[in-house]
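Quick note on labels: first sequence line is chain A, next is B, and so on, each numbered from 1. From a predicted model like this one, the values you see are computed outputs, not experimental measurements.
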Number of protein chains: 2
Amino acid sequence: MITVLLVDDEPQILRAMSINLRARGYRVVTAADGTRALALTATEHPDLIVLDLGLPDIDGVEVIRRLRSWTPVPIVVLSGRRTGHDKVHALDAGADDYVTKPFGIEELLARMRAVTRRHGVREERPTVRIGRWEVDTAARTVRNAESEETRHLTKTEWHLLTMLVTRPGRLVAQRDLLTEVWGPTYVAETHYLRQYVGQLRRKLEDDPARPRHLLTEPGMGYRFQPEP
Amino acid sequence: MITVLLVDDEPQILRAMSINLRARGYRVVTAADGTRALALTATEHPDLIVLDLGLPDIDGVEVIRRLRSWTPVPIVVLSGRRTGHDKVHALDAGADDYVTKPFGIEELLARMRAVTRRHGVREERPTVRIGRWEVDTAARTVRNAESEETRHLTKTEWHLLTMLVTRPGRLVAQRDLLTEVWGPTYVAETHYLRQYVGQLRRKLEDDPARPRHLLTEPGMGYRFQPEP
DNA sequence: AGGCCTCTTGACGAAATCCCTACGCCCCGG
DNA sequence: CCGGGGCGTAGGGATTTCGTCAAGAGGCCT
């Protein structure tokens with residue numbers, strides 16, 4: 001699992017971005033100022049740092065400089081200022097890429113992927129095997145381990161599947177699945193689960209009628225059983 | 001262990017919810033007003049806050065706002081008011097989820113699980129040993145400590161077993177088991193207990209006829225005896 | 001508008017679980 | 001010796017829950 005250190009002085013932004021990144025399978029550590037950012041980089045060894053330049057204690061560019069004195073960890077900079085100066089200074093100091101606010105989460109994710117790839121961060125994607133299929137919940141792809149065959153999953157199918165595979169071996173209660181995927185008003189609609197689990201089995205299980213990885217626990221919920 | 005800060009101005013509710021949450025393995029800290037809630041958040045570093053909006057000193061939404069100025073800790077809001085305004089204000093201020101009174105404990109627990117999960121709070125596994133079996137009541141798994149063998153328990157079996165293993169070494173009265181698992185109208189149906197305890201023994205005890213961990217206390221109830 | 005994809009909803013046989021009855025055992029006191 | 005209370009085991013019918021087919025509803029792109 002890839003660890004990202006998020007550095008921003010606004011708690012709301014930290015919160016929103018954390019939720020998004022965790023949903024994509026990243027492990028997220030947050031810091032609200034430069035001091036903590038430097039400390040956490042040392043203790044948590046993040047694979048990637050996403051850094052807002054406007055920090056309360058230390059100037060963002062200075063943070064980059066201090067990091068670069070001892071670690072080559074990739075750094076993606078965020079900044080609200082549109083002037084190019086920041087960008088130049090940040091890149092000079094050793095940042096790897098730069099995103100200007102306001103930005104879409106997809107843009108940030110794309111930059112993060114690009115930077116980690118360039119740095120050869122162990123492409124240890126949070127990929128999961130279901131039979132002969134390789135499921136990458138971060139990239140949202142399913143492809144056959146041998147051939148180049150791929151499977152397409154819909155948004156709802158991904159949501160449901162992610163809920164299951166991120167808790168390998170654990171029972172996930174029907175209630176949890178329904179509230180998370182369809183919303184709290186759907187807690188009683190268990191037939192949605194049957195419907196969509198059935199679809200996932202048809203797309204991913206070798207023998208959909210005898211599932212080996214997407215298991216039913218009658219009356220309780222479902223369980224993703226990883227390969228032994 | 002996950003620490004939950006419970007904030008509510010009614011002592012009975014605090015007490016009832018504390019008991020329930022502790023039985024599920026949470027560590028619980030309580031506060032009866034906003035001032036204490038803010039102070040305890042700083043000193044106890046809870047992993048999750050469950051907050052009633054109607055507080056005697058500070059408005060609940062204001063409490064959320066003050067918390068959010070410095071911490072991204074997940075917040076689940078409780079409110080008796082049915083109007084949507086509260087909900088919107090609370091979520092705007094930075095709450096993560098919302099439960100309207102009256103609510104079932106299961107619903108609250110589901111929301112708590114969803115929120116802590118989204119925030120990447122790591123849930124420890126209260127795993128219990130019964131002979132050569134390792135029982136994980138959170139994941140709902142039973143697996144052999146040496147081999148990869150597993151045992152499957154049904155919903156009712158899990159319910160009953162959880163009641164026993166969460167009170168290690170203590171006698172659990174027949175009436176308590178029946179009330180909790182089958183409901184208050186079944187307090188006289190002691191043969192259900194014999195039936196299901198028998199099934200659990202066959203699945204978990206080395207010698208079901210001579211149980212060493214799921215013990216009968218004739219006329220009173222049953223007791224889970226942990227390994228020495 | 002038309003077609004495609006996805007989500008929602010209904011219906012029904014199949015499977016798993018639960019509920020319930022029956023029966024035998026042990027211990028104890030009458 | 002007998003009978004009763006409490007316990008453990010077995011088995012089958014009843015009920016709930018599940019899987020799947022099928023089709024309608026709604027959104028989005030062409």
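- With rounding to the nearest 0.5 angstrom, the CG atom of B:D176 is 11.0 Å from the CG atom of B:L164.
- Rounding to the nearest 0.5 Å places CD1 of B:I130 at 5.0 Å from CG of B:L161.
- Atom NZ of A:K155 and atom C1' of D:dG26 are 15 Å apart (whole Å).
- The distance from atom CG of B:D136 to atom CZ of A:R170, rounded to the nearest 0.5 Å, is 6.5 Å.
- Protein atom CG of A:L153 is 15 Å distant from nucleotide atom P of C:dC5, rounded to whole Å.
- Distance B:L200 CG to C:dC18 P: 11 Å, rounded to the nearest Å.
- As rounded to whole Å, 15 Å separates atom C1' of C:dT17 from atom CG of B:L160.
- Taking the six-membered ring wherever Trp is involved, the centroid distance between the rings of A:Y196 and A:W182 falls below 6.0 Å.
- To the nearest 0.5 Å, the span separating CG on A:N20 from CG on A:L6 amounts to 10.5 Å.
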All N/O pairs under 3.5 Å across the protein-nucleotides 4-9 of chain D interface:
from  : atom 1 : to     : atom 2 : distance (Å)
D:dC7 : OP1    : B:G219 : N      : 2.7
D:dG8 : OP1    : B:R201 : NH1    : 2.7
D:dG8 : OP1    : B:T216 : OG1    : 2.7
D:dG8 : OP2    : B:Y222 : OH     : 3.1
D:dG8 : N7     : B:R194 : NE     : 3.2

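- Put simply, A:Y196 has a side-chain N or O that comes within less than 4.0 Å of OP1 or OP2 on C:dC7.
- In this model, the phosphate group of C:dC18 is approached by a side-chain N or O of B:T154 to a distance below 4.0 Å at OP1 or OP2.
- In this structure, A:L214 places its CG atom 14 Å from C1' of D:dG19, rounding to the nearest Å.
- Between A:K203 atom NZ and C:dT6 atom C1' there is a gap of 10 Å when expressed in whole angstrom units.
- Applying the 4.0 Å criterion to OP1 and OP2 of C:dT6, one finds that A:H152 has a side-chain N or O inside that range.
- Note that OG1 of A:T150 and CD of A:E134 are 13.0 Å apart. Values are rounded to the nearest 0.5 Å.
- Residue A:Y192 contributes atom OH, which lies 5 Å from atom C1' of C:dT8 at whole-angstrom precision.
- The side chain of A:W182 places an N or O atom within less than 4.0 Å of a non-bridging phosphate oxygen (OP1 or OP2) of C:dT8.
- Here CZ of A:R167 is found 9.5 Å from OG1 of A:T162. Values are rounded to the nearest 0.5 Å.
- Remark: C1' of D:dC18 and CZ of A:R223 are 17 Å apart, rounded to the nearest angstrom.
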